[in-house]
2 protein chains.
Amino acid sequence: MLVQTNFRIDTTTQPRSVQPNVPSLVAQSRPSVVAFFADKAPIYAQGAPAGPLYLVEFGAVRIYRLTADGRRQISAFHFAGEVFGFESGDEHQFFAESIGGAGIRALRPTSAGRMAESLLPLALRSLSRAQQHLLVLGRQNAREKMAAFLLDLSERQETDRFIDLPMQRNDIADYLGLTFETVSRILRKLKDAETIRLPSIKQIEVLDFAGLRALCK
Amino acid sequence: MLVQTNFRIDTTTQPRSVQPNVPSLVAQSRPSVVAFFADKAPIYAQGAPAGPLYLVEFGAVRIYRLTADGRRQISAFHFAGEVFGFESGDEHQFFAESIGGAGIRALRPTSAGRMAESLLPLALRSLSRAQQHLLVLGRQNAREKMAAFLLDLSERQETDRFIDLPMQRNDIADYLGLTFETVSRILRKLKDAETIRLPSIKQIEVLDFAGLRALCK
DNA sequence: CGACCTGTTGATTCTGCTCAATCAACGTGG
DNA sequence: CCACGTTGATTGAGCAGAATCAACAGGTCG
């Protein structure tokens, strides 16, 4: 469900932390409009030919893979200001879907250009994030995984103690290699320990950052 | 324990599958000798300033991280013909160590050059491998993890049914997010099921590739 | 209002971890 | 050459953490 819009994002409402090199990358790309993807709308699918990169203008995106028997691993979430869609071959290895509605700008290189120089730092950042995630998935227990996840979100959203959770429990579970029941239970325990509060279902208030950090690092 | 040698690798004994772009990357680098790193010798450490990339000429290398309490996650093994050492910042985020002795060539760019164009495909390959590994760590059980690991090794070493295991059980465990006891037990079960044979402690013969593939994909 | 979806909570099961003993391979020194 | 220590691998017993199965609550949207 792809809806083309001519809606241009006001640059003064840009996300808090634009990734480095993103501006120069946009400058080197052909002009493009922001496409709006409704909740759960696919941006690309595994097996589809890979082409442009994508810049999240607003909203959130999940990148995932499925096993043959339907288990899902979300490899990354992307928020406003972040670029995704890197592929090593000419086919997408992943699915990308909007979470709760997202504005996406496709970035297609103007010419051969010096695009690689802008791309490399972004690709390396993605690599670094994936590698950090490996440590979490391979060597942390459920509580530590959740703490790492919350701290990561908190750093990317610079909204102090309050963390937005645009994704649902199931998504968090598939990102952390848990079940949604376990996610729910761990949040409950963190709440009981007064490490966090749960003002609403999609928002978390961190009461004890030190406690969270002690859990995961 | 770094031993500089003037030993030059005969290119006719190059590894079976040289990664694409590696030759052009070497051509763009300053000439360098192959350094030999004895078993367990560090090639670089977490926190050390990041500089050159490294090409494995022979032997194997493990890349890993430690948690505060000493748990280890190996994010990758690298074999002859592969390049490692990508970093997104100016400090290494990982440790790199030789496994059972390895010859390593440092690759330092000659000038600014068009290095990024050669690097990007390699970085993307690393990213793709890390993402595949995320699926294994997050959503596969012990038997499936081992099957995925064996198939991966088998594809990288094109030695038909026989797989070399230069690393020890502990390394495999820390790569797959298991304990070494579990690694040992799973290998035993695969042997009992006549999916593999264990001719020696560092070699595996695959008897049933289809069976392995059915386990992990 | 009712159907559906998402989230929470409880009971039970089971996979893989922990702790522990044993064994094989290897190197060293008497 | 053999006794001894060390390191890595295997195997067993018991346990714990997270998964599974199940019931139910709250919200949303037609």
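A, B, ... follow the sequence lines: proteins, then strands. Residue 1 opens every chain.
Comment: A/Arg72 engages A/Asp171 in a salt bridge, judged by a side-chain N to carboxylate O separation of less than 4.0 angstrom. No salt bridge links A/Arg71 with A/Asp174; every basic N to acidic carboxylate O contact stays at or beyond 4.0 Å. Between B/Arg156 and B/Glu82 there is a salt bridge, since at least one side-chain N of the basic residue sits less than 4.0 Å from a carboxylate O of the acidic one. The existence of a salt bridge linking B/Arg161 and B/Glu205 is confirmed by a sub-4.0 Å separation between a basic side-chain nitrogen and an acidic carboxylate oxygen. A salt bridge between B/Glu97 and B/Lys40 is absent, with no side-chain N of the basic residue lying under 4.0 Å from a carboxylate O of the acidic one.
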Dump the intermediate steps for ring pair (Phe, Tyr, Trp, His ring centres under 6.0 Å) on A/Tyr54 and A/Tyr44, then the final yes or no. CA-CA 10 Å; A/Tyr54 300 89; A/Tyr44 53 75; 5.6 Å; yes
Name every donor-acceptor pair, under 3.5 Å, that has one atom in a side chain of residues 206-215 of chain A and the other anywhere in the protein, sequence neighbours excluded.
residue  : atom : partner  : partner atom : Å
A/Asp208 : OD1  : A/Ala210 : N            : 3.4
A/Asp208 : OD1  : A/Gly211 : N            : 2.8

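Across residues 162-181 of chain B, B/Gln168, B/Arg169, B/Phe180, B/Glu181 each have a non-hydrogen atom less than 4.0 Å from an atom of DNA chain D (numbered order).
For the helix from C/dC1-D/dG30 to C/dG30-D/dC1, the end axes, each set by the C1' atoms of five terminal pairs, are bent relative to each other by 30° (nearest 10°).
Ring-centre distance between A/Tyr64 and A/Phe94: not below the 6.0 Å cut-off. Remark: aromatic rings of B/Phe79 and B/Phe58 are distant, center separation not under 6.0 Å.
At whole-Å resolution of the value, NZ in B/Lys145 and P in C/dT15 are 14 Å apart. In this structure, CZ of B/Arg143 is placed 15 Å from P of C/dC14, rounded to the nearest angstrom.
One finds no side-chain N or O of A/Ser184 lying less than 4.0 angstrom from the OP1 or OP2 phosphate oxygen of C/dG7. For C/dT9, neither phosphate oxygen OP1 nor OP2 lies less than 4.0 angstrom from any side-chain nitrogen or oxygen of A/Arg185.
Applying the salt bridge (Lys or Arg N to Asp or Glu O under 4.0 Å) test to A/Arg108 and every residue at least two apart in sequence or in another chain returns nothing. Taking the side chain to side chain donor-acceptor pair (under 3.5 Å) definition, one finds that A/Glu91 meets it with nothing, sequence neighbours left out.
Among the protein residues, A/Ile201 comes within range of the sugar-phosphate backbone only, with heavy atoms under 4.0 Å from sugar or phosphate atoms but none that close to a base. A/Lys40 comes within 4.0 angstrom of the backbone, heavy atoms only, and of no base.
Protein chain B touches strand DNA chain D; the 5'-most and 3'-most nucleotides with an atom under 4.0 angstrom of its non-hydrogen atoms are D/dG8 to D/dA13.
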